[in-house]
Each structure stands twice: as C-alpha cells, then as structure tokens.
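Here is the structure we will look at.
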Amino acid sequence: MLWARLLAYVAGTVNQELLLRNEYLAAENRILGGQIKGRLLLSEGERTTLAEIAHRLGRKALEDVAATAKPDTILGWYRKLIANKFDGSKFRRGVGRPKVDQETERLVVQMARENPSWGYDRIVGALANLGHRLSDQTVGNVLRRHGISPAPKRKQTVGGSNTKRTLSGWVYIPSLIMIQ
C-alpha cells in the first residue's frame with residue numbers, strides 16, 4: 001500500500017505543476033492578446049493546429065483559454081477541416097479518357113510515316129506486338145492531331161527521288177542502270 005500512496009503523491013505533484021503551467025500560459029495569452037490591436041491574422045496551418053487542439057480540449061475549457069478567436073470560431077475551423085478532409089477529392093479523377101503517353105504517340109507517328117501503306121488496324125497490330133494497347137480510333141485521332149492523312153491518301157502524298165507528280169497521282173520512275 002505504501003507504493004500506491006507514493007504513486008498518488010508523485011502524480012498529484014506532476015498534475016499540480018501542469019495546472020500551474022497552464023494557468024501561467026493562459027494569463028500570458030490574455031496579456032499578450034490585450035496588447036494586440038485589431039484582428040490576429042493566422043495562416044492556414046496555424047488555424048489547423050489550434051482547431052485540432054481546441055477540439056480535444058472541448059468548448060468549456062476553450063472558453064477559459066481561447067484568446068486568438070472565439071471558441072465557436074475555432075471549433076468552426078475544426079468542422080471545416082474535417083469537411084475538407086472527407087470531401088471525396090482523393091477519389092475524383094479528371095474528366096474524360098486518359099491521354100495517350102508521348103512515347104506511344106511518337107511510335108504511332110513514326111510507323112505511319114515509315115509505312116505509308118499501313119492503315120489504322122495494321123498500326124494497332126504492330127503496336128500490340130510491341131506491348132502497347134490502342135484502338136484504331138485512337139491511332140486515327142493521333143495521326144489527325146499530327147496532320148497525317150489516312151493510309152490511302154498517305155500513299156499518294158509520299159514523295160521521293162524516284163517519283164514524279166502527274167495529273168492522276170504519283171508515278172514511280174525506275175532508274176536505268178546499264179551494265180557493260
């Protein structure tokens with residue numbers, strides 16, 4: 001039983017010291033609050049800190065200690081903090097479909113330029129072999145964004161050193177090499 005009395009004495013002494021410290025801080029806050037003219041401007045982080053502590057402290061105890069704002073105001077900050085925390089914004093996403101990444105878009109354009117006879121489906125198949133999943137509609141949208149025509153028109157507009165423009169389209173002119 002001796003240890004129980006000793007524990008109660010030590011706990012009471014510590015509790016008394018904490019009460020004295022709290023009383024001193026409350027008096028100091030009242031004095032400093034009286035010297036400040038006008039409204040005290042707090043940052044969002046400071047409001048959050050005060051609101052969390054005030055909620056744990058409770059309204060009655062807060063009425064004795066609060067010097068920066070009224071207890072209703074501080075508890076209102078806490079309610080707004082909780083409302084913002086649980087507003088579901090973590091689960092919201094941007095509107096529309098996700099964009100095609102730049103690497104895949106670059107591959108689509110490269111394949112279309114290097115293989116003018118390939119249509120959208122052929123490009124989709126080649127991309128699938130490389131591990132990229134796209135639809136033919138997406139390939140068409142990518143090529144349209146880059147100003148590249150569909151396959152039949154692409155074949156007509158590709159030029160080179162061995163082609164010549166005529167009224168009906170492009171004609172291949174083979175080079176003649178004579179071997180003696």
Side-chain angles (χ1 to χ4, degrees), residues 36 38-59 61-62 66-180:
I36 295 175
R39 215 170 123 193
L40 187 62
L41 299 176
L42 299 173
S43 71
E44 199 62 37
E46 293 167 337
R47 284 185 189 161
T48 301
T49 304
L50 285 177
E52 288 174 348
I53 295 170
H55 177 71
R56 287 183 296 192
L57 194 56
R59 182 181 300 277
L62 192 59
T68 56
K70 293 181 180 178
D72 290 335
T73 305
I74 297 173
L75 292 173
W77 294 341
Y78 183 76
R79 286 190 300 273
K80 284 183 185 175
L81 175 71
I82 294 303
N84 288 339
K85 185 176 180 180
F86 295 106
D87 69 348
S89 60
K90 287 185 204 171
F91 305 109
R92 282 190 222 133
R93 293 186 180 190
V95 250
R97 296 185 134 246
K99 293 193 179 272
V100 178
D101 63 327
Q102 290 181 338
E103 176 66 20
T104 307
E105 195 159 329
R106 187 189 61 74
L107 275 172
V108 168
V109 172
Q110 180 183 350
M111 285 183 181
R113 287 198 173 127
E114 289 177 0
N115 307 296
S117 63
W118 285 12
Y120 299 159
D121 290 334
R122 181 89 182 258
I123 294 174
V124 166
L127 287 170
N129 290 338
L130 296 174
H132 299 280
R133 292 188 60 208
L134 288 179
S135 70
D136 55 348
Q137 182 69 48
T138 305
V139 169
N141 291 340
V142 168
L143 294 180
R144 200 171 305 114
R145 270 197 305 269
H146 288 274
I148 300 174
S149 307
K153 294 180 183 174
R154 234 181 305 140
K155 280 198 282 187
Q156 295 171 359
T157 58
V158 173
S161 61
N162 291 340
T163 56
K164 183 177 180 181
R165 173 108 181 169
T166 63
L167 292 176
S168 63
W170 294 92
V171 176
Y172 178 72
I173 303 172
S175 347
L176 298 173
I177 300 174
M178 297 197 60
I179 301 175
Q180 291 181 342

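Values below: all heavy atoms of this structure, side chains included; hydrogens, waters and symmetry mates excluded.
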Query raised in the report: Looking at Glu46 and Ser43, what are the two nearest heavy atoms and their distance?
Result: OE1-N, 2.8 Å

Requested in this report: Could you tell me the separation between the OG1 atom of Thr138 and the CZ atom of Arg133, rounded to the nearest 0.5 Å?
Outcome: 11.0 Å

Report summary line: salt bridge (Lys or Arg N to Asp or Glu O under 4.0 Å) pairs touching residues 101-112, sequence neighbours excluded, are Glu103-Arg106, Glu105-Arg145

Query raised in the report: NE2/His146 to CD1/Ile148 distance, rounded to the nearest 0.5 angstrom?
Result: 7.0 Å

Report summary line: Separation between CD1 (Ile123) and CD (Glu114), nearest 0.5 Å, reads 10.5 Å

Report task. Give the C-alpha distance, both sets of side-chain angles, the deciding distance and a yes or no for side-chain contact (heavy atoms from CB on, under 4.5 Å) between Leu127 and Met111. Result -> CA-CA 9 Å; Leu127 287 170; Met111 285 183 181; 4.0 Å; yes

Query - Distance, nearest 0.5 Å, that separates CG of Leu57 from CD of Glu52 - result: 13.5 Å

Report task. Walk me through it: do Arg144 and Asn141 pass the test side-chain contact (heavy atoms from CB on, under 4.5 Å)? Result -> CA-CA 5 Å; Arg144 200 171 305 114; Asn141 291 340; 2.9 Å; yes

**Report entry** Rounded distance [0.5 Å steps], CD1 in Ile53 versus CG in Leu62
**Finding:** 10.5 Å

Which donor-acceptor pairs under 3.5 Å do side chains of residues 73-85 form with protein atoms, sequence neighbours excluded?
unit_1: Asn84; atom_1: ND2; unit_2: Lys80; atom_2: O; d: 3.4

Report task. Measure across Trp118 and Ala126 and return the closest heavy-atom pair with its distance rounded to 0.1 Å. Result -> CZ3-CB, 3.8 Å

**Report entry** Residue among Thr104, Val100, Val108 satisfying side chain to side chain contact (heavy atoms under 4.5 Å, CB included) with Val139
**Finding:** Val108

